[in-house]
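Shown next, in structure tokens, is the structure this report addresses.
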Amino acid sequence: MLVAERHRRIIDLVNERLSIRVTELSKIFSVTEETIRRDLEKLEKDQLLKRSHGGAICVEKEQSEISYLEREIVNIDEKKAIAKEAVRMIVPGDQIVLDASTTAWYLAKELPDMPLTVLTNSIKAAVELSKKEQIKVISTGGILLNQSLSYVGPLSERSLKMYHVNKAFISCKGVHLEKGLSDSNESQALVKKQMLEIADETIVMVDSSKIGIRAFSQIASLSAIHSIITDSRIEEKIKLQLLESGMKLTMAN
């Protein structure tokens, strides 16, 4: 394969998946990781992508909201499996908060109809939960983001501060070993940060493509969360590093 063709395919993969790791690109193109790093350096200079810790991020969508229709088809099997694992951590009587991620919506779909209080900034999750008679749903309100059908902004953040929950279930665009959690959209990052602050326990739901990535807006350090649910494709080295840091790690099948 010619270098120019490999570059075109790398750009297509990054734009399609939003983020991708060097190790995965190395396997896809059967070249060394050093070759991939040189490719990414060249493509970043051309402003066609942005390098991150261990991979690359799509520059076109890094700082903007991704349509929920688009997010629903990215890593769908992994997100559904992660959501099912998350549901196992919820018991009757819990008070939980859900963000506006696709994985949180899958969690809402999977939740059985049992006594719960659910606080959320997601319209899609609220609608899904409204079908279940025993679940009390509280919406944050705020500024509506059309792309993700979610509420953000000062009103959303203030309303979250009024509550206390047992567990927060959030997702994000990046989980970095040194820099912590981050998101592509600043408004969403601020809402997620507030969700962490009102919860006794925070569970982060991310597929393995997000681990090792650093996105635009900082949410919190890894010390602010209690556990991560991810898929089995996580790199063994990163898995060991997370476990050594004391993080509780759950692998979804």
Side-chain angles (χ1 to χ4, degrees), residues 10 13-14 17-27 32-45 47 49-59 61-64 66 74-75 78-79 82 86 99 101 103 167-252:
I10 288 173
L13 283 167
V14 172
R17 302 189 188 185
L18 306 185
S19 64
I20 195 165
R21 298 190 61 78
V22 167
T23 51
E24 188 173 359
L25 289 170
S26 174
K27 291 175 183 177
T32 66
E33 291 184 15
E34 185 57 37
T35 297
I36 293 297
R37 289 190 185 95
R38 287 196 297 268
D39 289 342
L40 297 183
E41 184 177 3
K42 168 68 166 60
L43 294 170
E44 184 178 49
K45 285 181 179 178
Q47 299 185 338
L49 53 73
K50 181 177 176 61
R51 285 186 297 167
S52 65
H53 178 76
I57 301 172
C58 170
V59 293
K61 299 171 182 176
E62 181 192 2
Q63 297 182 27
S64 61
I66 309 303
V74 177
N75 295 334
E78 289 86 351
K79 290 176 180 178
I82 289 167
D99 70 1
S101 63
T103 309
K167 299 160 188 170
F169 292 88
I170 72 165
S171 187
C172 57
K173 294 298 186 295
V175 177
H176 193 280
L177 290 167
E178 287 84 35
K179 302 300 181 180
L181 311 181
S182 54
D183 207 85
S184 59
N185 181 274
E186 184 177 10
S187 297
Q188 293 285 12
L190 290 170
V191 169
K192 292 171 198 273
K193 181 179 181 180
Q194 188 58 52
M195 289 178 172
L196 268 65
E197 292 179 357
I198 67 168
D200 291 333
E201 179 182 1
T202 298
I203 299 97
V204 174
M205 310 177 294
V206 287
D207 63 74
S208 57
S209 70
K210 309 290 181 58
I211 297 178
I213 298 299
R214 188 181 182 190
F216 177 65
S217 295
Q218 182 78 5
I219 299 172
S221 65
L222 281 186
S223 62
I225 67 173
H226 300 82
S227 61
I228 296 174
I229 309 175
T230 188
D231 59 76
S232 58
R233 294 191 301 175
I234 183 175
E235 289 183 32
E236 190 64 25
K237 179 181 177 182
I238 293 178
K239 177 182 175 181
L240 291 173
Q241 287 176 315
L242 286 169
L243 291 172
E244 287 171 2
S245 72
M247 183 66 60
K248 181 181 177 183
L249 199 59
T250 301
M251 314 299 291

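In this text the structure is predicted, and so the values were computed from the model without any measurement. All residue numbers in this chain count up from 1 along the given sequence.
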| Check against side chain to side chain contact (heavy atoms under 4.5 Å, CB included), Thr35 and Arg38 | CA-CA 5 Å; Thr35 297; Arg38 287 196 297 268; 3.4 Å; yes
| message | Walk me through whether Ile82 and Val206 qualify under side chain to side chain contact (heavy atoms under 4.5 Å, CB included). | response | CA-CA 8 Å; Ile82 289 167; Val206 287; 5.9 Å; no
| message | Evaluate Ser223 against Ser221 for side chain to side chain donor-acceptor pair (under 3.5 Å), listing each step before the verdict. | response | CA-CA 5 Å; Ser223 62; Ser221 65; 2.7 Å; yes
| said: Using the rule given for side chain to side chain donor-acceptor pair (under 3.5 Å), can you reason through Asp231 versus Ser208, listing the C-alpha separation, both sets of side-chain angles and the distance that settles it, and then say yes or no? | reply: CA-CA 6 Å; Asp231 59 76; Ser208 57; 2.8 Å; yes
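The nearest pair of heavy atoms linking Met251 to Ser232 is CE-CA, 3.7 Å. Closest approach of Asp207 and Lys79 over heavy atoms only: OD2-CE, 4.3 Å. The heavy-atom pair separating Ser217 from Asn185 by the smallest distance is OG-C, 4.0 Å. Contact record, Leu196 with Ala224: CD2-CB, 4.1 Å, taken as the closest heavy-atom pair. Here the shortest heavy-atom pairing between Cys172 and Ile219 reads CB-CD1, 3.8 Å. Taking both residues in full, the closest heavy atoms of Ala215 and Lys173 are given as CB-CB, 3.8 Å, listed atom of the first, atom of the second, then distance.
The environment of NZ in Lys193 is sparse: at most 12 heavy-atom neighbours from other residues, nucleotides or ligands sit within 6.0 Å.
Judged purely by atom type and a 3.5 angstrom limit, Ser19 has no side-chain atom pairing as donor or acceptor with the backbone of Lys210.
Among residue pairs with one or both ends in residues 194-204, none qualify as salt bridge (charged side-chain N to carboxylate O under 4.0 Å, His left out); sequence neighbours excluded. Evaluation of the ring-ring contact (aromatic ring centres under 6.0 Å, His included) test over residues 174-211, restricted to residues two or more places apart or in two chains, returns His53-His176. Here side chain to side chain donor-acceptor pair (under 3.5 Å) pairs that include residues 236-250, with residues two or more places apart or in two chains, number zero.
Taking 4.0 Å as the cut-off between side-chain N and carboxylate O, Glu33 and Arg37 count as a salt-bridged pair.
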